Asks: 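Here it is: the structure, laid out below.
Naming: A, B, ... by sequence-line order, numbering from 1 per chain. We use all heavy atoms of the structure for the numbers below, so side chains are in, but hydrogens, waters and symmetry mates are not. Computed from a prediction, not measured in an experiment: that's the story for all the values here.
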Amino acid sequence: MSKFADVIVDVATQDTNKTFQYQIPSQLSDLVKVGSRVEVPFGRRKIQGFVVTIKSTSSFSGKSKNLLSVIDEFPPLNSELLHLSDQLASHLLTYRISVIQTMLPNVLKANYQRFLQPTDSISESTYQQLFQNQETKQLPLNQIKDYELIKLIQKSLKNKETKIVYQVKNKAKDKVTTQIDLGLGMPVYQKLLASIRSNATNQQKLLKFIIKNPQKFPIIQTQLVKEAELSTNFLSEVEKKGWIKRSKIQINRNPLADLTIQNEASAKVLTQEQETAVQAINHALAKRQKQVFLLEGITGSGKTEVYLQTIAKALTNQKQALMLVPEIALTPQMVRQVFARFGAKVAVLHSGLSDGERYDEWRRINGQEVDVVVGARSAIFAPLQNLGLIIIDEEHESTYKQEENPKYHAREVAKWRAKYHQAVLVLGSATPSLESRARAQKKRYQLLLMTKRPTQLALPQVDLIDMTQAHFSSQLDLSDELITGIKQTIAKKQQVILLLNRRGYANFMLCRDCGYVLKCPHCDISLTLHKDTQQMKCHYCGYEASIPKRCLECQSTRIKFFGSGTQKIEELLQQLIPESTILRMDVDTTRRKGGHQKILDAFGNHEADVLLGTQMIAKGLDFENVTLVGVINADSGLSFPDFRSSEKTFDLLTQVSGRAGRASLPGKVLIQTYNPNHYAIQLAKNHNYEGFYQKEMAIRRQGQYPPYFYLNLITVTSKLEQKAAMVAFKIKSLLKKELSDQALILGPTPQAVTRLKDHYYYQILIKYKVEPKLYSVLNTIKTQAFDSKKDKVNIYLDVDPYQFN
DNA sequence: AGCACGCCGACT
DNA sequence: GTCGGCGTGCTC
């Protein structure tokens, strides 16, 4: 009896956001499993899809086509992830295939190729023109740009002289290397060495190496080449003589290969507070009940050790653990510690890996070869089947929210998975998100407080520098007080971390005669001066232009650059303190692979006195010689049109302050600000998270924002401004009609940056508490055609938005 | 998404 | 009459 498969097809549109049914041919019946990645005919193409159900009766009224092939040996999706993809797609109002694709490593994305092949009726001349240079009698069509050739192909297709065949290419490749084994017995090698010509140096080298290190065989070819100082050519010669045997073996790319393991593999002695936290979590682990903990511990209170000991507990309970960190490249110390404690049982997943490395790590996880996974946001989808513990470190970080589609929040996915597995979820932070802290208040989460540092070291003294009153010896960016602080620290051979949340040199160019500001031609945003590359760059779309010498409007030479970025401050600082060495760390200096690590290692080795950077220096760094932290402009985040701007500022200041005085030396923090009385800055100065929580909650209640209200952001975009606005107003009236009058519908308003990459953006914000009809309304908005295909209007939905633009 | 089909104006 | 541009609708 033949069977049928329901397949989610690799076409991300509203129309295809459902299953398509295919018949399973008998020769594939043993291979096709639920979760398999398969190749199917779709229209006249062949595409990739994922099997979500297998059934024995047809539910499709038409005639099902046959499934063509199964791509992987083992299904990439298990039933949990299939279930999750379904729920998440409807929760986020996106396509299920998009969710599936974010769950899986990149190499499992399909790579489609089209080839032109001759038919029987092809004429000799057409064949000559199209195929004479093709060995395989087929012409790859993917990147043909020659117009004459395209015309020729079209004509041949029309005359049925040729046809197009479609291929689904699998990008997933195992990494293969050559291994060398001995071909003869040891006494034979001894004899050979004795009888060989004295000028056959390479042969002698190899024989001596074999006799000296027989235990090293089989050996990887590249390693042998290196150790015995031979060439691969030579090795293939001696292979012919039968001295050695070469074979291909599959190996895993190992991203942790060059991580040196520190000697901190054993558990540390816990403080009373740590002990209490570990006990509480371990107790929940033992009960195997779904439970959420909020671990609120000040910077330096030793949250990491709590994580490590509870992971160990989960493992002894025969369970697996998953730990998320905001961005691995920025928290290498954390990864190193997990690796040191749990060794080969650990897999890492993050954006710094190559596609191949990521695929190998993922396969180790999917094969259940590891018990601990550490990774950034998307690691929340790691296919562990026996999860007992999920940890989210720095749970308040906005990096856990993906800003591209599907716009999921890893914390929410973690809750879903914890429930599914009856697992324990630990949310850790020095400055928990208000959402999480409020849930702890309501006892939905269990709050675990850690208020002391194990070293008994006090939190650093924080001083505010009021920039409206401060003294400046030169430019207005660096106050004398901060400069003096830096000089004194350097004089004591100690180090400084400086935070400036703006990259580039100067962020806008103004003509002092006509007031003209140089803007990006595609976005309504001023261009930033980059002195190192001698260019004006758009930080939104990447547009680059040369630095103007004259005003483009009035030709005046009285142009000036305003708004200091990291490049400018670096230059300024070097002038003011010539004896200092400065390392700059921002997206521009860390773009290359391993760029973060290089800078951090150099700073750790005290090759520089000052580490100057954007917010990427605020997280997780632990350098014991840093005794001064300076914040150059604490106000930069406060002016954003975002209800979380105070929270972000408070978090950033608290986080960066925690970088000072990590070991025996007391730390100090200097914060330059134009708003010294702002509550976020005042409370950060006093290390008063609980005070901030109370104050900010009152403001959120007043403003009807989360955690009191839910949010939903609708963005309408078009190349034509009126069109975007018109559709936005239509959507608003539809919402008004369908939702209760408890819901607040704000806008439509043009985005703060109205035009981006030549598109206009209008947005509508819905605030609500309970709206049973909301999802069905949003679904109709998504499906409803507000536009013709001609001047396209796109509608984006963001459930629980974090970025407002 | 990509592909076909069908409609309509334009060109040899 | 046929070519090509664009809008519409469908893919198990």
Side-chain angles (χ1 to χ4, degrees), chain A residues 2-26 28-29 32 34 36-71 82 86 89 94-102 106 108-117 140-145 147-169 171 404-406 718-720 723 782-796:
Chain A
S2 76
K3 292 197 165 188
F4 299 92
D6 285 329
V7 173
I8 292 288
V9 122
D10 181 25
V11 180
T13 65
Q14 203 70 48
D15 289 348
T16 51
N17 191 26
K18 57 174 185 178
T19 58
F20 286 78
Q21 182 184 294
Y22 291 87
Q23 188 153 23
I24 303 173
S26 55
L28 293 181
S29 61
V32 182
V34 170
S36 286
R37 187 164 60 122
V38 291
E39 189 187 3
V40 293
F42 197 65
R44 63 171 6 250
R45 300 178 289 156
K46 284 180 199 167
I47 58 169
Q48 171 177 298
F50 292 88
V51 175
V52 295
T53 36
I54 294 176
K55 57 198 185 180
S56 40
T57 52
S58 171
S59 59
F60 178 55
S61 55
K63 171 106 179 73
S64 294
K65 292 182 179 174
N66 266 358
L67 210 137
L68 297 171
S69 68
V70 179
I71 303 176
L82 281 169
D86 186 30
T94 48
Y95 314 122
R96 193 166 176 194
I97 189 67
S98 313
V99 176
I100 289 175
Q101 255 151 16
T102 48
N106 257 334
L108 297 189
K109 269 195 205 136
N111 183 8
Y112 298 108
Q113 286 210 316
R114 293 150 66 233
F115 293 95
L116 193 72
Q117 281 183 0
L141 289 175
N142 279 29
Q143 57 266 54
I144 292 180
K145 291 207 185 80
Y147 186 63
E148 289 301 310
L149 189 56
I150 291 172
K151 282 199 120 174
L152 197 65
I153 291 168
Q154 283 176 348
K155 206 172 135 202
S156 72
L157 280 167
K158 186 154 252 178
N159 300 337
K160 302 234 186 321
E161 288 185 277
T162 57
K163 61 181 180 190
I164 294 176
V165 294
Y166 299 83
Q167 245 185 54
V168 182
K169 263 184 81 184
K171 282 189 283 181
E404 297 97 59
N405 269 322
S718 167
K719 280 199 169 191
L720 301 170
K723 190 107 195 178
K782 272 230 108 172
T783 8
Q784 202 157 350
F786 284 102
D787 59 319
S788 59
K789 275 202 177 173
K790 172 128 182 209
D791 23 58
K792 226 179 149 150
V793 176
N794 279 316
I795 298 163
Y796 300 102

Asks: For the pair made of CG in A:N17 and C1' in C:dC10, what is the distance, rounded to whole Å?
Replies: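 One finds 16 Å between C1' of C:dC10 and CG of A:N17, rounded.
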Asks: Among the candidates B:dA1, C:dC12, B:dC3, find the nucleotide nearest to the side-chain atoms of A:R114.
Replies: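 Minimum distance to the A:R114 side chain belongs to B:dC3.
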Asks: Can you measure A:I97 atom CD1 to C:dT11 atom P for me and round it to whole angstrom units?
Replies: 19 Å
Asks: Using a heavy-atom cut-off of under 4.0 Å over every strand shown, decide if A:Y22 touches base, sugar-phosphate, or nothing.
Replies: sugar-phosphate
Asks: What's A:Y95 touching, base or sugar-phosphate or nothing? Going by heavy atoms closer than 4.0 Å.
Replies: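 No contact at all - A:Y95 keeps every heavy atom at 4.0 Å or more from the nucleic acid.
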Asks: Whole angstroms only, please: what is the CD-P distance between A:Q21 and C:dC12?
Replies: 12 Å
Asks: Need one value for A:K18: base, sugar-phosphate or nothing, where a base atom within 4.0 Å counts as base even if backbone is also close, heavy atoms only.
Replies: base
Asks: Compare every heavy atom of A:G43 with every heavy atom of A:K65, then report the nearest pair and how far apart it is.
Replies: NZ-O, 3.1 Å
Asks: Verify the contact: side-chain N or O of A:Y166 to OP1 or OP2 of B:dC3, cut-off strictly under 4.0 Å; return yes or no.
Replies: yes
Asks: Give the rounded distance in Å between these two atoms: CD1 of A:I54 and P of C:dC12.
Replies: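 Atom CD1 in A:I54 sits about 19 Å away from atom P in C:dC12.
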Asks: Okay, side chain of A:R37, backbone of A:L108: is any donor-acceptor separation there less than 3.5 Å?
Replies: yes
Asks: Are A:F60 and C:dC12 stacked, counting the six-membered base ring, centres under 5.5 Å, planes under 30°?
Replies: yes
Asks: Regarding A:R45, tell me which of base, sugar-phosphate or nothing describes its non-hydrogen contacts under 4.0 Å with the strands shown.
Replies: base
Asks: Examine the side chains of A:Q23 and A:S64 and answer whether a donor and an acceptor come within less than 3.5 Å of each other.
Replies: no
Asks: Would you mind reading off the distance between A:D15 atom CG and C:dG9 atom P, rounded to a whole angstrom?
Replies: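 It works out to 10 Å between those atoms.
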Asks: Against the six-membered ring of A:F42, is A:K46 placed for a cation-pi contact (under 6.0 Å from the centre, within 45° of the normal)?
Replies: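 Judged by the rule (NZ or CZ under 6.0 Å from the ring centre, within 45° of its axis), A:K46 is not positioned above A:F42.
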Asks: Without decimals, in angstroms, what is the distance between A:Q113 CD and B:dG2 P?
Replies: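 Value for this atom pair: 14 Å.
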Asks: Within the 4.0 Å heavy-atom criterion, would you say A:S64 contacts the bases, only the backbone, or no part of the nucleic acid?
Replies: sugar-phosphate
Asks: Take the protein atom CD1 of A:I47 and the nucleotide atom C1' of C:dC10, then report the distance between them rounded to whole Å.
Replies: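 Going from A:I47 (CD1) to C:dC10 (C1'), I get 13 Å.
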Asks: Could you tell me how far apart A:E39 (CD) and C:dT11 (P) are, to the nearest whole angstrom?
Replies: 20 Å
Asks: With the side chain of A:R44 defined as its heavy atoms from C-beta on, choose the nearest nucleotide among B:dA4, C:dC12, B:dA1.
Replies: B:dA4
Asks: Is there a donor-acceptor pair under 3.5 Å between the side chain of A:Y22 and the backbone N or O of A:L68?
Replies: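 Pair absent, no side-chain N/O of A:Y22 close to backbone of A:L68.
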